[in-house]
Amino acid sequence: MPQARHAVRDLLGDQHVPAGPDIVDGLLLITSELVTNAVQHAALLSPQIVVELAVGADWVRVAVEDNHPYRPKAMEADEEDLGGRGLWLIKMLTAEAGGKSGVEHTASGGKVVWAELPLAQVPTPTSPPSSL
């Protein structure tokens, strides 16, 4: 999985994508989770995966495609579980950044799991200044 993270980080830098450090860190964690899920759950029916990075005017999207027909769902895992939180974590990271994520079927019968983050960090609400 480190190869996918390094490739995404290098591509962001090589293309001078104006993503702040929080967005880059989130995108790299999401990339790791997506690739790990594809390798762990789809490898038997899909020995190859495709990692795609797309950049728009104000967003960056990472997607992982495999040929396994199963469409995963985000589930919360129990505290003692060693895994099972990957898609839930992706949904939370994406929502926190103001982005979106999803799963789509491909024409070949597989799926693409993706997450899209805004290039600008979404400001956190602040309380109004108090008057003196």
Side-chain angles (χ1 to χ4, degrees):
M1 294 3 114
Q3 297 92 343
R5 273 194 321 272
H6 294 303
V8 167
R9 181 188 300 273
D10 291 348
L11 192 55
L12 289 170
D14 292 347
Q15 298 299 315
H16 306 289
V17 176
D22 289 343
I23 295 298
V24 171
D25 290 345
L27 191 66
L28 296 177
L29 181 55
I30 289 168
T31 300
S32 290
E33 290 295 331
L34 290 175
V35 170
T36 298
N37 286 349
V39 169
Q40 287 181 342
H41 302 293
L44 188 60
L45 294 178
S46 182
Q48 294 182 349
I49 63 171
V50 174
V51 178
E52 178 184 73
L53 185 69
V55 180
D58 58 354
W59 53 267
V60 60
R61 173 180 160 142
V62 64
V64 174
E65 179 179 342
D66 64 59
N67 288 319
H68 195 292
Y70 174 69
R71 189 175 173 140
K73 292 185 177 21
M75 299 183 301
E76 292 187 47
D78 291 330
E79 286 183 24
E80 14 343 293
D81 292 343
L82 295 176
R85 293 180 187 89
L87 283 180
W88 180 81
L89 178 62
I90 290 166
K91 284 183 76 156
M92 293 303 107
L93 286 169
T94 304
E96 186 177 281
K100 53 190 173 182
S101 60
V103 180
E104 298 168 2
H105 289 287
T106 62
S108 64
K111 67 184 164 301
V112 175
V113 185
W114 58 272
E116 183 177 294
L117 302 179
L119 287 173
Q121 183 71 39
V122 174
T124 41
T126 58
S127 43
S130 58
S131 24
L132 300 174

Shortest non-hydrogen separation from [X] to [Y] and the atoms involved:
X      : Y      : answer
Ser32  : Thr36  : O-OG1, 2.7 Å
Ala38  : Ile49  : CB-CG2, 3.7 Å
Thr94  : Ser101 : CG2-N, 3.9 Å
Val112 : Ala63  : CG1-CB, 3.7 Å
Ala4   : Thr31  : CB-CG2, 3.9 Å
Gly56  : Leu119 : O-CD1, 4.0 Å

Inset, instruction - Can you tell me which residue pairs pass the salt bridge (charged side-chain N to carboxylate O under 4.0 Å, His left out) test with a partner in residues 56-66, sequence neighbours excluded? - result: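 Qualifying pairs: Asp66-Lys111.
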
Pairwise salt bridge (charged side-chain N to carboxylate O under 4.0 Å, His left out) hits with a residue in residues 9-19, at least two apart
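Listed by first then second residue: nothing to list.
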
Rounded to the nearest 0.5 Å, what separation is found between the [atom1] atom of [X] and the [atom2] atom of [Y]?
X     : Y     : atom1 : atom2 : value
Asn37 : Gln40 : CG    : CD    : 6.5 Å
Lys91 : Ile30 : NZ    : CD1   : 12.5 Å
Glu96 : Asp22 : CD    : CG    : 9.0 Å
Trp59 : Ile23 : CH2   : CD1   : 14.0 Å

So if you build clusters from Ile, Leu, Val, Met, Phe, Trp, Tyr with side-chain heavy-atom gaps below 4.5 Å, do [X] and [Y] land together?
X     : Y      : result
Val50 : Ile90  : no
Leu53 : Trp114 : no
Leu27 : Leu11  : yes

